[in-house]
2 protein chains.
Amino acid sequence: MARPPRFDTDQILDAAVRLAASGGPGGVSMSAVAQAIGAPSGSMYHRFAGRTALLAEVWLRTVERFQRGYFASLHSDPDPRPAARAAARHVVAWSRAHPEEAALLLHGPWEFGRADWSEEHTARADSGNQRVYTALGALAESLGATGPQDRDRITLALVDLPLSVVRRHLRAGEPLPPHAEDLAEECAAALLPTAP
Amino acid sequence: MARPPRFDTDQILDAAVRLAASGGPGGVSMSAVAQAIGAPSGSMYHRFAGRTALLAEVWLRTVERFQRGYFASLHSDPDPRPAARAAARHVVAWSRAHPEEAALLLHGPWEFGRADWSEEHTARADSGNQRVYTALGALAESLGATGPQDRDRITLALVDLPLSVVRRHLRAGEPLPPHAEDLAEECAAALLPTAP
DNA sequence: AGATTATTAGAGACCTATCTCTAATAATCT
DNA sequence: AGATTATTAGAGATAGGTCTCTAATAATCT
């Protein structure tokens, strides 16, 4: 019914990921992405309402890809303690497998203009986060951690701490050292509430 | 011998801190800072070689202020374990006392254009970092942690982890909860190598 | 008082990025 | 084949930011 696209959405987002990994969110300009794939700048605006929308889409595609595997790890074992270890490990392993997307995630949604996102984009982000927090809450409960401080501690162990391991190296432009997964797993385990 | 300055350097840097805290490094434009203090844009270039230099100076002043207290905490006790606890605690306490500067630090030097800094600025940054790492190395040694993995773990416990506690709240625009210092201290202690 | 000099003051050149607009193009559908 | 339509293609208007340049200003020094 119409002319077929020469540049599809994923191709554009892939280029945006590369640019974000090397130059940060600021490096993702409409013209830079267009140039990276050899498209005229006008085509960009045919797919994305504007730069804000592009930033939102590239962020959301990346975080959703990450969360898919993160969820799988969290539910990989009926016993909460091995599941927690697997989750911490997954953060590092996924980052090793997808260094550019990981570098993007380390910047956080606010750097990708979250304050200006449309309602749809904001809702997508909130829904993903909500799923993560309820899953973490369930795991916390099955560990016997009930207070809000306990939950903070578990979020720290299974999300923030593994991300810190990744951040330190990726920000310096180095690859992740071989023992990074072990480090994240061991440290996460050390932060879980001790068995009664 | 000359006309006295109406806008001094610290006043300019203070405004830059405020702008960086609210709008990130991208919000720190020469014109925005000038407007914030009511100065013409030309005066900015009289004090700073350019935007790059301004970003470097505001970053370095902030990180050096932070490190001063961090060092004091690291050396506050001859026993390494309480010293480690104090250091982790200090990160959070300092951030609570200086939320705008803390928000600035969370972005990291690369966001402040570190790649384009002058040699002087780069050297200043390196020297500060070097001092921190040697101090952490000494503490690691007195804890009996000798391997490179042990040192990574201590850096994680005394730097990255407390920063994660701060990041989670400041990025969301919330103030730090009352128990944040305790959380950072307890988690840091849990990550230290267990006594032989 | 007069010379000296660091600084303020602000206009404007230059660049880069976002976004709009019009025309050409290439596929599908009848 | 001809109509339809999503898309490419790219020129250009607009905005905002960096940086330069010249003149005015206000203090100190002799």
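Note on naming: letters A, B, ... go to the chains in the order of the sequence lines (proteins, then strands), and numbering restarts at 1 for each one.
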Beyond-backbone contact of B/His169 with B/Ser95, side-chain heavy atoms, under 4.5 angstrom
no
Interatomic distance where [atom1] belongs to [X] and [atom2] belongs to [N] [whole Å]:
X: A/His46; N: C/dT20; atom1: NE2; atom2: P; answer: 13 Å
X: A/Met30; N: D/dA15; atom1: CE; atom2: P; answer: 19 Å
X: B/Phe7; N: C/dA9; atom1: CZ; atom2: C1'; answer: 10 Å
X: B/Arg47; N: C/dA9; atom1: CZ; atom2: P; answer: 11 Å
X: A/Gln11; N: D/dT8; atom1: CD; atom2: C1'; answer: 13 Å
X: B/Tyr45; N: D/dC21; atom1: OH; atom2: P; answer: 13 Å
X: B/Met44; N: C/dT7; atom1: CE; atom2: P; answer: 14 Å
X: B/Arg6; N: C/dG10; atom1: CZ; atom2: C1'; answer: 13 Å

Establish, with yes or no, whether the OP1 or OP2 oxygen of [N] is under 4.0 angstrom from a side-chain nitrogen or oxygen of [X].
X: A/Ser31; N: C/dT16; value: no
X: B/Ser43; N: C/dT7; value: no
X: B/Ser41; N: C/dG10; value: no

Check step by step if salt bridge (Lys or Arg N to Asp or Glu O under 4.0 Å) holds for B/Asp160 and A/Arg168.
CA-CA 8 Å; B/Asp160 297 312; A/Arg168 174 158 292 276; 2.8 Å; yes
Parallel under 30°, tilted from 30 to 60°, perpendicular over 60°: which one fits the rings of A/Trp59 and A/Phe112?
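Aromatic pair A/Trp59/A/Phe112 classed tilted.
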Assign the ring pair A/His98 / A/Trp94 to parallel, tilted or perpendicular, where the plane angle (0 to 90°) is split at 30° and 60°.
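Ring orientation, 0 to 90° scale: tilted.
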Partner nucleotide of [N] by Watson-Crick or wobble geometry (both distances under 3.5 Å):
N: C/dT18; answer: D/dA13
N: D/dC29; answer: C/dG2
N: D/dA24; answer: C/dT7

Any cation-pi pair here, A/Arg131 with A/Phe71, using under 6.0 Å and within 45°?
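Ring-cation test returns yes.
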Nearest-nucleotide 5' precedence on DNA chain D, B/Gly50 against B/Pro4:
B/Gly50
Given that A/Pro40 and B/Thr52 both sit by DNA chain D, which one's nearest nucleotide is further toward the 5' end?
A/Pro40
